[in-house]
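Structure record follows, encoded as structure tokens.
As the structure is a computational prediction, the values presented were derived from the model and not from experiment. If you read the sequence from its start, that first residue is 1, and numbering goes on from there.
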Amino acid sequence: MSDNDTHYAHCLTVLRDTDRDRYLACLLAPAEKRGALAALYAFNAELARVRDVVREALPGEIRLQWWRDLLEGQADGDALANPLAAGLLACVREHHLPVAVLTDMIEARIFDVYNDPMESRSAFEGYAGETASALIQLASLVLDPVNALKSADAAGHAGVAQTVAGALLMLPIHRRRGQVYLPADLLAATGLSPEALLRGDDKAAAGRAVEAFVGLGRDHLAKARAADGVSMGNRPAFLPVALVPHILDAAEKAGADALERVLQPAQWRRQWWMWRALRRGLF
């Protein structure tokens, strides 16, 4: 087994614990692509969980800066002793991934370590574009680079829909932390402010806000489906998006209760939805 294979195997093991859905998506991808995908997805999971492992913003920014230095070649020599970091760099080299997209992903994640509210729908869409949408497109470059560009529009909208679903799943946790990902202009249109959402004392307005946010997710999901352009080879990059409509349905049904209740479907259901999406080409 080569060093890259060893690093990729480590990334897949890490991913199993940090992002089970993308771990399952890796297992549904061609065997020769799993290692590189696992490295990319494990990197994303490390960025996404920074707020989970630090209590203050400055240590979070330092962790993010470490990854930026690694990608820009400024990390110290000990960095490559980290098998996840070594796996990510191997993936970047092997598949000619654009480093600027990865560093933009890191930059976007700075929002996560603070409690500033999401200002607007356009700000939310920009955040989603540099995180979830970029990840889908990078995965497409790993899977089928010849046809990756054709699915860029679908990836853009799918990533926004996926970020809406993720924010709905995390809504109870975000509220406990004092974070608001629902755009302020969307909240205002439903008679709610970020502060009122955190308090959770206006159930009627909260229900309207959840419904409007679900509508934003569905709009982008519909645009992703209409965009098409996803090749057979790049289909695995979109598999986690197959969970989105089910999460949106659950959130709409829960209404204001989504502020308190975790909406995550059972793992066996998520696995089934992704397997079906792979076979049918639907997400």
Side-chain angles (χ1 to χ4, degrees), residues 19-21 48-52 54-57 60 108-133 157-225 240-267 269-270 273 283:
D19 189 339
R20 184 56 64 93
D21 292 334
R49 74 187 192 99
V50 164
R51 185 60 183 262
D52 297 332
V54 300
R55 294 185 178 181
E56 297 179 359
R109 287 292 183 180
I110 293 176
F111 179 85
D112 297 351
V113 303
Y114 291 93
N115 289 347
D116 299 328
M118 188 67 72
E119 293 182 354
S120 64
R121 276 171 282 201
S122 61
F124 180 87
E125 288 164 346
Y127 170 86
E130 292 185 334
T131 53
S133 300
H157 290 295
V160 179
Q162 196 173 25
T163 306
V164 169
L168 288 166
L169 288 177
M170 291 288 290
L171 191 49
I173 295 172
H174 287 159
R175 286 185 63 238
R176 288 197 294 271
R177 293 175 178 167
Q179 293 178 289
V180 179
Y181 282 76
L182 277 68
D185 57 354
L186 182 149
L187 293 176
T190 59
L192 208 58
S193 67
E195 296 76 18
L197 180 72
L198 292 175
R199 290 195 307 269
D201 51 8
D202 189 339
K203 296 296 184 183
R208 292 194 297 271
V210 168
E211 182 180 3
F213 198 45
V214 167
L216 178 65
R218 285 191 171 137
D219 179 58
H220 279 283
L221 185 62
K223 289 177 179 177
R225 288 168 170 167
V241 185
L243 311 182
V244 170
H246 305 282
I247 295 167
L248 298 181
D249 288 347
E252 185 174 52
K253 183 177 180 180
D257 288 344
L259 274 64
E260 307 287 347
R261 177 158 56 90
V262 176
L263 304 173
Q264 182 73 283
Q267 181 184 325
R269 290 185 182 276
R270 305 196 315 267
W273 291 330
F283 54 82

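In this structure, CG on Leu192 lies 6.0 Å from CG on Asp202, to the nearest 0.5 angstrom.
When all heavy atoms of Ala108 and Thr131 are compared, the closest pair comes out as CB-CG2, 3.8 Å. The minimum heavy-atom distance between Ala206 and Leu259, with the atom names listed, is CB-CD2, 4.0 Å. Here the shortest heavy-atom pairing between His174 and Ala167 reads ND1-O, 4.2 Å. Closest non-hydrogen pair, Ala132 versus Gly159, comes out as CB-O, 3.4 Å. Taking each heavy atom of Ala242 and Pro245 in turn, the nearest pair found is O-CD, 3.5 Å. When all heavy atoms of Leu182 and Ala209 are compared, the pair lying nearest together is CD2-O, 4.2 Å.
Panel note: side chain Asp112, backbone Ala48; no donor-acceptor pair is recorded below 3.5 Å.
Scanning for salt bridge (charged side-chain N to carboxylate O under 4.0 Å, His left out) contacts around Arg269 gives an empty result, with sequence neighbours left out. For Val262, the side chain to side chain contact (heavy atoms under 4.5 Å, CB included) test picks out Gln264, with sequence neighbours left out. With sequence neighbours left out, Ala222 forms a side chain to side chain contact (heavy atoms under 4.5 Å, CB included) with no residue at all. Residues passing the salt bridge (charged side-chain N to carboxylate O under 4.0 Å, His left out) test with Arg270, sequence neighbours excluded: Asp21. For Arg208, the side chain to side chain contact (heavy atoms under 4.5 Å, CB included) criterion is met by Thr190, Ala204, Ala205, not counting sequence neighbours. For Lys253, there are no salt bridge (charged side-chain N to carboxylate O under 4.0 Å, His left out) partners two or more places apart in sequence or in a different chain. Scanning for salt bridge (charged side-chain N to carboxylate O under 4.0 Å, His left out) contacts around Arg261 gives an empty result, with sequence neighbours left out. Under the side chain to side chain donor-acceptor pair (under 3.5 Å) criterion, Asp219 pairs with Lys223, not counting sequence neighbours. Listed by chain and number, the residues in a side chain to side chain donor-acceptor pair (under 3.5 Å) with Glu252 are Arg218 (sequence neighbours excluded). With sequence neighbours left out, the side chain to side chain donor-acceptor pair (under 3.5 Å) criterion links Glu260 to Arg175. Residues meeting the side chain to side chain contact (heavy atoms under 4.5 Å, CB included) test with Phe111, sequence neighbours left out: Met118, Tyr127, Tyr181.
Residue pairs satisfying the ring-ring contact (aromatic ring centres under 6.0 Å, His included) criterion with at least one member in residues 185-222, sequence neighbours excluded, are listed as follows: Phe124-Phe213, His157-His220.
A 4.5 Å side-chain heavy-atom check between Leu187 and Pro194 finds at least one atom pair inside the cut-off. Ile247 places none of its side-chain heavy atoms less than 4.5 Å from the side chain of Val164. Here the side chains of Arg177 and Met170 are in contact, with some heavy-atom distance below 4.5 Å.
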Checking side chain to side chain contact (heavy atoms under 4.5 Å, CB included) for the pair Val180/Leu198: CA distance, chi angles, key distance, verdict?
CA-CA 8 Å; Val180 179; Leu198 292 175; 3.7 Å; yes
Side chain to side chain contact (heavy atoms under 4.5 Å, CB included) evaluation trace for Leu216 with Arg121
CA-CA 9 Å; Leu216 178 65; Arg121 276 171 282 201; 4.3 Å; yes
Test log, rule side chain to side chain contact (heavy atoms under 4.5 Å, CB included), inputs Leu263 and Leu171
CA-CA 9 Å; Leu263 304 173; Leu171 191 49; over 6 Å; no
